[in-house]
Amino acid sequence: MTNDDETLRPATKLVQGGRRPEWTGDPRLGGGIVNPPVWRASTILYDSIADLKARGHATHDKLYYGRRGTPTVWALADALTAMEPGAEGTLLYPSGVAANSAGLLALLSPGDHLLMVDSAYEPTRAFCDGMLARLGVTTTYYDPTGGADIAELIRPETRLIFLESPGSLTFEVQDVPAITRVARTRGVLTMLDNTWATPLLFPALAHGVDVAMMSLTKYVGGHSDAMMGSLTATRAVWPKLRSAAYQLGQSVSPDDCALMLRGLRTLDVRMQRHGENGLTVANWLAARCEVGRVLHPARPDDAGHALWSRDFTGTSGLFGFTLKGADEGARTRFIDALAHFGIGFSWGGYESLIVPADPAAIRTATRWADPDPLVRLSIGLEDPADLIADLERGFAAMAA
Ligand SMILES: *Cc1c(COP(=O)(O)O)cnc(C)c1O
């Protein structure tokens, strides 16, 4: 079994990824195990000094020291690499935020300029305005709805354009191919937060991105019980990321990798159901008089729909909507009345979640002009009829 076969379709790769014979079985025991076992290790013991010296030079796939990983860790990285055609490898981090920060640190130096999408996840902005600013990296935020006109913002010292599409709070779809084309002709790298779509719905490197980031905490884990992040990169960028990962010393637990691998195996079926359930709920909401706008790129009335149809192969279950003419109190009554939506951060788990969202306070390059309060839903794997009945209760409580 190998996951190096580029002709395999994504659903097959999800099943086969990382299950290399040398990681799943020991010939002396006479067979293979379906899943790569949990290999926990800090110390690795060597047969001799010659053995120690030989393995110190191996860069991958050889046990050396726990921080360099064990087969459980390599299997997850390998499976994620297989999902991104054009990728050289994947590095794993203790959280999505850690992955974003490590990638930005690896690719930027004092004096460099960064273009950051204005719809980015708020902690990503915090890293730019905090640690990167302190290290002498300048950030310019740009409008997520632009495309090739990003060229006007590129300076001689611009090194990186960071994208997040759709924005995970406001769901603008970016013209990723137009932006990566401009970046390549100008010698600027691109990094994309691909947590919403995963490579299953949007293979980022195939769209010209150099580094694809994911919070595995969300759809890959899928069960709200583990945190991790990943960076998957092209051959050109890979050495820089690897070297930075070595220096920063972040490592992930093999137990968590086993949970992530378990989630990955079912990502295709879960994503289809998240997407279908999400659209069912979004379409129902769009017909309600209490709703102003539904922010869901898979709906034809969405501003990002044309780009989404062109570039994505499906939809996940995360979207937003506004409460028409409502105030803070009405939004609170609506959310508090729901029984099947947990109030909580994160998303992509099997269970539905809801959070209030206030993008106006976060933006700097663009203005969030919609005065209606915004709500974000992560639609889970429940029967959507039960979720709709619940939302109906919420609207009744809001009106009361
Ligand atoms: C949650 C999230 C992150 C951060 O991931 P963690 O694993 O929670 O650190 C990054 N980007 C997006 C779009 C997210 O939703």
Side-chain angles (χ1 to χ4, degrees), residues 76 80 90-105 116-132 141 144 162-174 176 190-202 204 209 211-232 248 250-253 256-257 259-260 263-264 267 271 274 278 295-297 304 312 315-320 342-349 351-359 362-363 374-380:
L76 175 60
L80 292 172
T90 296
L91 290 161
L92 299 170
Y93 302 87
S95 70
V97 166
N100 264 339
S101 303
L104 291 167
L105 268 183
M116 171 60 62
V117 66
D118 206 27
S119 49
Y121 182 61
E122 199 278 330
T124 309
R125 299 180 64 115
F127 187 73
C128 299
D129 301 341
M131 201 166 287
L132 285 186
Y141 292 92
F162 191 103
L163 308 93
E164 179 178 318
S165 179
S168 58
L169 202 56
T170 44
F171 305 98
E172 297 90 341
V173 182
Q174 293 194 254
V176 178
T190 52
M191 178 168 165
L192 168 83
D193 185 332
N194 200 27
T195 305
W196 186 89
T198 82
L200 203 53
L201 307 184
F202 185 82
V209 170
V211 183
M213 173 274 170
M214 256 198 295
S215 167
L216 306 179
T217 309
K218 313 292 164 57
Y219 283 116
V220 172
H223 295 72
S224 307
D225 53 5
M227 303 197 73
M228 206 179 291
S230 64
L231 297 179
T232 302
L248 290 169
Q250 289 165 313
S251 71
V252 294
S253 145
D256 288 346
C257 288
L259 285 175
M260 291 301 168
L264 197 66
L267 183 64
M271 218 39 155
H274 282 296
L295 311 175
H296 194 314
F312 289 72
T315 175
S316 71
L318 187 80
F319 68 95
I343 303 172
F345 296 112
S346 196
W347 42 277
E351 83 293 3
S352 290
L353 289 176
I354 186 166
V355 279
D358 296 300
I362 305 170
R363 300 288 176 122
L374 177 63
V375 171
R376 189 182 73 180
L377 297 179
S378 176
I379 298 296

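Index from 1, following the sequence. Counting starts at 1 for both ligands and their atoms, following the listed order. The structure presented is a predicted model; accordingly, all values stated were derived computationally and were not measured.
- Atom 14 (C) of ligand 1 has Lys218 NZ, 2.9 Å as its closest protein atom, hydrogens excluded (heavy atom only).
- The closest protein non-hydrogen atom to atom 5 (O) of ligand 1 is Ser215 OG, 2.9 Å.
- When only modelled atom types and interatomic distance are considered, Glu164 and Thr124 share no side-chain donor-acceptor pair under 3.5 Å.
- Of the protein's heavy atoms, Tyr121 CE2, 3.2 Å lies nearest to atom 3 (C) of ligand 1.
- Residue Gly96 places at least one N or O, backbone or side chain, under 3.5 Å from an N or O of ligand 1.
- With hydrogens and angles left out, the side-chain atoms of Trp196 and Ser168 include no donor and acceptor closer than 3.5 Å.
- Taking only nitrogen or oxygen atoms, main chain and side chain alike, Glu164 does not reach within less than 3.5 Å of ligand 1.
- The two residues Gln250 and Pro94 come nearest to each other via the heavy atoms CB-CD, 3.8 Å.
- In terms of protein heavy atoms, atom 7 (O) of ligand 1 is closest to Thr217 OG1, 2.6 Å.
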Audit row: Met260, Leu80, side chain to side chain contact (heavy atoms under 4.5 Å, CB included) steps and yes/no: CA-CA 10 Å; Met260 291 301 168; Leu80 292 172; over 6 Å; no
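- In the vicinity of Trp347, heavy-atom distances shorter than 4.0 Å reach the ligand 1 atoms 15 (O).
- For Trp196, no heavy-atom contact with ligand 1 is shorter than 4.0 Å.
- Between Leu169 and Arg376 the shortest heavy-atom distance is CD1-NH1, 4.2 Å.
- Those atoms of ligand 1 with a heavy atom of Met227 less than 4.0 angstrom away are 7 (O), 8 (O).
- Here the closest heavy-atom approach between residue Asp256 and residue Ala226 is recorded as OD1-CB, 4.3 Å.
- Within the 4.0 Å heavy-atom criterion, both parts of Val97, backbone and side chain, lie near ligand 1.
- In terms of protein heavy-atom proximity, atom 11 (N) of ligand 1 is nearest to Asp193 OD2, 2.6 Å.
- For Phe345, the heavy-atom gap to ligand 1 stays at 4.0 angstrom or more.
- Within the listing of ligand 1, atoms 13 (C) sit less than 4.0 angstrom from a heavy atom of Ser168.
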From CA spacing to verdict: side chain to side chain contact (heavy atoms under 4.5 Å, CB included), Met191, Asn100: CA-CA 9 Å; Met191 178 168 165; Asn100 264 339; 3.5 Å; yes
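- Residue-to-ligand polar distances keep Asn100 apart from ligand 1: every N/O pair is separated by 3.5 Å or more.
- In this pair, Tyr219 and Trp347 present their aromatic rings perpendicular. The plane angle is above 60°, beyond the 30 to 60° band.
- Ala204 approaches Leu192 most closely through the heavy-atom pair CB-CD2, 3.6 Å.
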